[in-house]
Structures are given as C-alpha cells and as structure tokens.
Amino acid sequence: MRRREFVADGSAKSWEAAVEGASVRVRHGRIGTEGRAQVKELGSAEAALAQFGKLVAEKEREG
C-alpha cells in the first residue's frame, strides 16, 4: 500500500492505493474522513501491479 498526504494552505488531503489480487483499490479525500474509494478490476495480478506502479509514479511526479 502507498499513502500520500498533502497539508498546506488550509487543505488536508490523503491518497492511498493498494493491490488486492487482480484489482487496484484507490482511496482519496480529506484527512480524517472515509474519503472516496474506487476499485479497478484487471485481468491478472501482473496487470494490477503494473497499474499500481503507474498510479504511484503519477502521484510522485505531481508531488
């Protein structure tokens, strides 16, 4: 699981992603809340790991 938090200028947001078998679960929202969760079903565990890597790389580029 990867988790990122952003706190600045009155904003407090979180983002996390995890691989669960052949699916990728992403949750985002304000810190201290449940946030919104999305699950993307993929064809295989390898495809899920590739998608997870892509999502993490995108977040790291954004900062």
Side-chain angles (χ1 to χ4, degrees):
M1 179 189 307
R2 293 288 176 111
R3 181 174 173 84
R4 300 281 185 258
E5 292 185 357
F6 175 76
V7 179
D9 301 325
S11 179
K13 301 175 184 176
S14 68
W15 176 90
E16 66 183 41
V19 176
E20 299 172 348
S23 64
V24 178
R25 180 179 47 83
V26 176
R27 182 182 307 261
H28 59 91
R30 296 184 65 83
I31 293 175
T33 67
E34 288 286 323
R36 293 183 182 196
Q38 298 173 317
V39 177
K40 184 170 185 176
E41 298 290 335
L42 297 152
S44 67
E46 292 80 20
L49 284 172
Q51 179 68 22
F52 175 77
K54 183 191 264 186
L55 289 170
V56 170
E58 182 180 315
K59 278 296 173 185
E60 288 175 351
R61 272 194 317 274
E62 290 176 359

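Atom set for the values below is all heavy atoms of this structure, side chains included, hydrogens, waters and symmetry mates excluded.
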Report summary line: Between Ala22 and Ala48 the two heavy atoms that sit nearest each other are C-CB, 3.8 Å
Requested in this report: Please list all pairs passing the salt bridge (Lys or Arg N to Asp or Glu O under 4.0 Å) test where one or both residues lie in residues 32-58, with sequence neighbours left out.
Outcome: Arg27-Glu34
Requested in this report: Identify, with sequence neighbours excluded, every residue that meets side chain to side chain contact (heavy atoms under 4.5 Å, CB included) alongside Leu49.
Outcome: Val19
Requested in this report: Write out all pairs satisfying salt bridge (Lys or Arg N to Asp or Glu O under 4.0 Å) with one or both partners inside residues 4-15, taking only residues at least two apart or from two chains.
Outcome: Arg3-Glu5, Arg4-Glu60
Query raised in the report: With Ala45, which residues qualify under side chain to side chain contact (heavy atoms under 4.5 Å, CB included), at least two apart?
Result: none
Report summary line: Distance col, row Phe6:CZ vs Lys59:NZ, nearest 0.5 angstrom, shows 10.5 Å
Requested in this report: Check side chain to side chain contact (heavy atoms under 4.5 Å, CB included) between Ala12 and all other residues, then give those that pass, not counting sequence neighbours.
Outcome: Val7, Ile31
Query - Pairwise side-chain contact, Leu42 with Phe52, heavy-atom cut-off 4.5 Å (strictly under) - result: no
